[in-house]
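Numbers here are sequence positions counted from 1.
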Amino acid sequence: MGKTTPPAGLSEAGDRLGRMHIVSLAGGIGGARFLRGLRATEPDATITVIGNTGDDITLFGLRVCPDLDTVMYTLGNGIDEEQGWGRAKESHVVKEELAAYGMEPQWFGLGDRDFATHIVRSQMLAAGYPLSQITEALCARWQPGVRLLPMSDDRCETHVVIEDEHGKRAIHFQEWWVRLRASVPAQSFALVGADTAKPAPGVLEAVEEADVVILPPSNPVVSIGTILQIPGIRDALTPKTVVGVSPIIGGAPVRGMADACLTAIGVETTAQAVLELYGPDLIDGWLVAEEDEGVALDGVRVVARPILMHDAEAAADIARTALDLALELTR
């Protein structure tokens, strides 16, 4: 399977408690919707989600964690289903008032309900609470049905090197992604703070106790790839059974602009190239779309199935297929 010490069967903890322990690394919309399907298909499992915080940004004095919040809102039934992020039944009075004062940035839209989450988080950060404890406190309201952990309590932010009329410069990932819509080619990405960051409390322990690890179809560069940059996380995953779901179908990203991210690091936008990017030291099983059936890599079991999450039922079917593959590989 490409691993030196693959696990065999459920962990001792899993046998004792009579439930499966699943760990998933996740970014935003695609990861959250996949996790909703995973929770639905395996309601008795203990699921720990390690969320990307490289997208985090401070706006108007408030700390915003887009991916953590998208997972929390989606699994807590508070998400705007149409756009996939932000709160349902949202209003934007505060945003409009800030714009009237000429406050920048105006390209990042925070809703009134969403502001409350960021105010609570920012107040708790100012009081000295770590992000992992804050996330747990926020989830106490939303009851997502999973344990949601940030990848690190340390501040890490993804920055993008671009070259435009202002010259060569680094900007925050959110400015490149939201304001520019990735229209200016990225020359490179840098996770500022990763060299000294540590995994958040509970992250490595969750991986160690996991029976299987599932990588949803999140962005392989700036979501899952960012989590893997935190020292210790990838090494902890290496001996585990890891199954990934391709975020690329027929040479195009399922959603978002993953192709722009892959191009920036010199990787083709194909299910094959993303699998090779992760590598057989990390991945044991790879779930691809039927049109990508020819994908192959030594040491990795590749399965082709419909993987487009067009609704909640499809997401559950895909999650079940990924989990079945993972369990088969542990035997």
Side-chain angles (χ1 to χ4, degrees), residues 25-32 51-59 64-67 70 83-86 104-110 151 155-195 197 215-230 234 244-279 282-283 286 288-289 291-292 295 297 307-308:
L25 279 59
I29 300 172
N52 168 46
T53 59
D55 293 7
D56 293 6
I57 188 171
T58 298
L59 298 169
V64 180
C65 300
D67 283 0
T70 295
Q83 63 186 11
W85 53 270
E104 298 288 347
Q106 296 183 19
W107 46 264
F108 198 98
L110 296 175
M151 65 187 192
R155 182 166 174 167
C156 299
E157 294 184 359
T158 301
H159 286 239
V160 186
V161 176
I162 63 169
E163 187 166 6
D164 58 12
E165 66 273 14
H166 303 292
K168 190 173 183 178
R169 58 196 180 102
I171 60 175
H172 194 284
F173 172 77
Q174 294 292 355
E175 183 174 358
W176 182 71
W177 192 255
V178 178
R179 185 177 75 84
L180 298 178
R181 299 294 298 169
S183 60
V184 178
Q187 298 188 358
S188 63
F189 298 97
L191 183 59
V192 179
D195 53 340
L215 305 185
S218 296
N219 192 305
V221 181
V222 295
S223 291
I224 292 177
T226 298
I227 299 170
L228 295 174
Q229 289 185 59
I230 300 300
R234 187 177 183 118
V245 180
S246 175
I248 307 299
I249 296 179
V254 176
R255 68 172 294 133
M257 298 164 285
D259 50 343
C261 299
L262 290 165
T263 299
I265 64 170
V267 175
E268 293 182 351
T269 305
T270 65
Q272 177 74 45
V274 174
L275 173 57
E276 293 173 359
L277 174 66
Y278 285 142
L282 175 67
I283 295 288
W286 189 233
V288 301
E291 49 263 59
D292 296 314
V295 169
L297 186 65
I307 61 170
L308 186 61

Between [atom1] of [X] and [atom2] of [Y], what distance do you get to the nearest 0.5 Å?
{"X": "Asp55", "Y": "Cys65", "atom1": "CG", "atom2": "SG", "value": "10.0 Å"}
{"X": "Leu262", "Y": "Glu268", "atom1": "CG", "atom2": "CD", "value": "10.0 Å"}
{"X": "Met257", "Y": "Thr263", "atom1": "CE", "atom2": "OG1", "value": "12.5 Å"}
{"X": "Asp67", "Y": "Ile29", "atom1": "CG", "atom2": "CD1", "value": "9.0 Å"}
{"X": "Ile249", "Y": "Leu308", "atom1": "CD1", "atom2": "CG", "value": "5.0 Å"}
{"X": "His159", "Y": "Glu175", "atom1": "NE2", "atom2": "CD", "value": "10.5 Å"}

Check: [Y] and [X] side chains under 4.5 Å, non-hydrogen atoms:
{"X": "Leu228", "Y": "Leu282", "answer": "yes"}
{"X": "Asn52", "Y": "Asn219", "answer": "no"}
{"X": "Ile230", "Y": "Leu191", "answer": "yes"}
{"X": "Ile224", "Y": "Pro216", "answer": "yes"}
{"X": "Ile162", "Y": "Leu180", "answer": "yes"}
{"X": "Gln174", "Y": "Pro66", "answer": "yes"}
{"X": "Gln229", "Y": "Thr158", "answer": "no"}
{"X": "Trp286", "Y": "Val274", "answer": "yes"}

Closest non-hydrogen atom pair between [X] and [Y], with its separation:
{"X": "Ser246", "Y": "Pro217", "value": "O-CB, 3.7 Å"}
{"X": "Val295", "Y": "Ala271", "value": "CG2-CB, 4.0 Å"}
{"X": "Gly84", "Y": "Thr70", "value": "O-CG2, 3.6 Å"}
{"X": "Ser223", "Y": "Ser218", "value": "CB-CB, 4.0 Å"}
{"X": "Val222", "Y": "Cys261", "value": "CG2-SG, 4.0 Å"}
{"X": "Pro185", "Y": "Trp176", "value": "C-NE1, 4.4 Å"}

(message) Which residue is it: Lys168, Gln187, Arg169? I am looking for the one with a side chain to side chain donor-acceptor pair (under 3.5 Å) to Glu163.
(response) Gln187

(request) Say whether, by atom type as modelled, one donor and one acceptor occur between the side chain of Thr270 and the main chain of Ala273 under 3.5 angstrom. (result) yes

(message) Checking side chain to side chain contact (heavy atoms under 4.5 Å, CB included) between Phe189 and each of Val161, Thr226, Val221, which is the one that passes?
(response) Val221

